[in-house]
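Letters A, B, ... are given to chains in the order of the sequence lines, protein chains preceding strands, and every chain is numbered from 1.
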Number of protein chains: 2
Amino acid sequence: MARTVAERSDVLPLLAEVFREHGYEGASLSLISKATGLGKGSLYHFFPGGKEEMAGAVLAEIDGWFEANVFRPLREAEDPAAAVAAMFATVADYFRSGRRVCLVGALSLSDARDRFAGRLQDYFVRWVEALAEALGRAGHPSASAGMLAEETVGGIQGAVVLARALDRPEVFERILAGLRARCLARPANVPAQRAQPAGAA
Amino acid sequence: MARTVAERSDVLPLLAEVFREHGYEGASLSLISKATGLGKGSLYHFFPGGKEEMAGAVLAEIDGWFEANVFRPLREAEDPAAAVAAMFATVADYFRSGRRVCLVGALSLSDARDRFAGRLQDYFVRWVEALAEALGRAGHPSASAGMLAEETVGGIQGAVVLARALDRPEVFERILAGLRARCLARPANVPAQRAQPAGAA
DNA sequence: AGGTTCCTGTACCGATCGGTATTGTTCGTA
DNA sequence: TACGAACAATACCGATCGGTACAGGAACCT
């Protein structure tokens, strides 16, 4: 028996991909075992709570990644408009232009929603709030900033659905470009917040 | 043994609800049997192709419903702006303000996508095209009409995801209201196409 | 009434499910 | 070199999966 000295954190990305591709119900332990190269014994060694703990760990990692790479930059960036622009690039990359499913969104539509309700809710709440704050600091009036943030986060989720259903990744890119333009359009009432000219960081 | 003389078409709505609530993988035959009140024997009498045929029949019915109540009105309405406004009302009603999942969208994110790829693609293609045509006739230039149609259909899907994840139906309503406003805003270049003043049929 | 068709319920099939127990194997440590 | 902890692979558990076989009752025909 080979001993690979795997760490729990090593298998998380593989695990995540299995849940993304097959959903919670569709990801059977044999599938997970094959995808991670770990036998059931090893799997249950790392995740005594079984499948639910595996999915929970994946959600936690995803949450952490978005917190570090998306939410916090939005909240803390000196140049909020640039941070918003960066968010679109980061997200498009993360979702592989719509070829890759958003696990949080997929779980929200699935049977497993109730099981992870708190986490799912939290993820989207924090995304919307972080984006709304950045939009507000970029000059959008606070009411419309919240509304625009909701529309944008929802729009990204919808773009994943549509691009996957149509099997056309360019649909994802196109929708994100539209959302980006609306987020970066100079708000009417702010004097000189420089809008990103479609090519900045 | 009671004979209920059920028709195949009678069980379709119940079947649809089971698939919506539990997804394809999550909808087990025992669950389906309980929800429809039909034993496995009856189920396989009506759907010899098993679960796949059941889901296929549900998709076909949904497709037919949208064709009759959404797509065709968009294509054939005398007043395209009114048809677009009606679409939002119809859709909000159908999705129960985001409390009810879009089965086509959910399947698109799930493992079962490949199994029904053609149907899923067709549904969204026809929705986007019908809406784009109506928007075009309402005065949007053809390029932006296609783009806006894509954004709108995707936005509706995203609104379902977001509202379900947040467990707040008003998010669905709010996003749809925003999309509606953008669709009905008087296009810059058309002379006198009357924009719906947010309250008409 | 007798036969036929159409449905319905149930028992049952092999396969696979999530999960556990057990046994091996490879380490760090000393 | 010996030991115990950490990791890996396998066999196996009861339950449930999707699907089949079949017997039986209701409605219809003649």
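If you find the closest nucleotide of DNA chain C to Leu29(A) and to Gly39(B), the one lying nearer the 5' end belongs to Gly39(B). With the nearest nucleotide of DNA chain D identified for both Lys51(B) and Gly41(B), Lys51(B) has the one nearer the 5' end.
Between the side chain of Ser97(A) and the main chain of Glu173(A), no donor-acceptor pair closer than 3.5 Å is present.
Ion pairing between Arg174(B) and Glu170(B) fails under the 4.0 Å rule for side-chain N and carboxylate O. Between Glu17(B) and Arg20(B) a salt bridge is recorded (basic side-chain N to carboxylate O distance below 4.0 Å). Taking the charged nitrogens against the carboxylate oxygens, Glu21(A) and Arg100(A) have no contact shorter than 4.0 Å, which rules out a salt bridge. Salt-bridge formation is detected for the pair Glu151(A)/Arg182(A): a Lys NZ or Arg NE/NH1/NH2 atom is positioned less than 4.0 Å from an Asp or Glu carboxylate oxygen.
Atom OH of Tyr24(A) and atom C1' of dC17(C) are 12 Å apart (whole Å). Put simply, NE2 on His22(B) is 15 Å from P on dT16(D), counting in whole angstrom units. One can place CZ of Arg115(A) at 11 Å from P of dG18(C), the figure rounded to the nearest angstrom. Rounded to an integer number of Å, the gap from CG of Leu43(A) to P of dA9(D) is 11 Å. Look at CG on Asp111(A): it is 16 Å from P on dT16(D), rounded to the nearest Å. As rounded to whole Å, 7 Å separates atom P of dG18(D) from atom NZ of Lys40(B). As rounded to whole Å, 9 Å separates atom P of dG18(D) from atom CG of Leu31(B). In this structure, Ile32(A) atom CD1 and dG19(C) atom C1' are separated by 12 Å, rounded to whole Å.
For Ser30(A) and dT16(C), the shortest distance from a side-chain N or O to OP1 or OP2 is not below 4.0 Å.
Backbone-only contact: Gly37(A) has heavy atoms under 4.0 Å from sugar-phosphate atoms and none from a base.
Of the candidates dC7(C), dC17(C), dG19(D), the closest approach to any side-chain atom of Ser28(A) belongs to dC17(C). Taking only side-chain atoms of Phe46(A), from C-beta outward, the nucleotide of dC12(C), dG18(C), dA8(D) with the closest atom is dA8(D). You'll find that the side chain of His45(A) is closest to dC7(D), out of dG18(C), dC7(D), dA8(D). Residue Ser42(B) has its side chain nearest to dG9(C) when only dA6(D), dT20(D), dG9(C) are considered.
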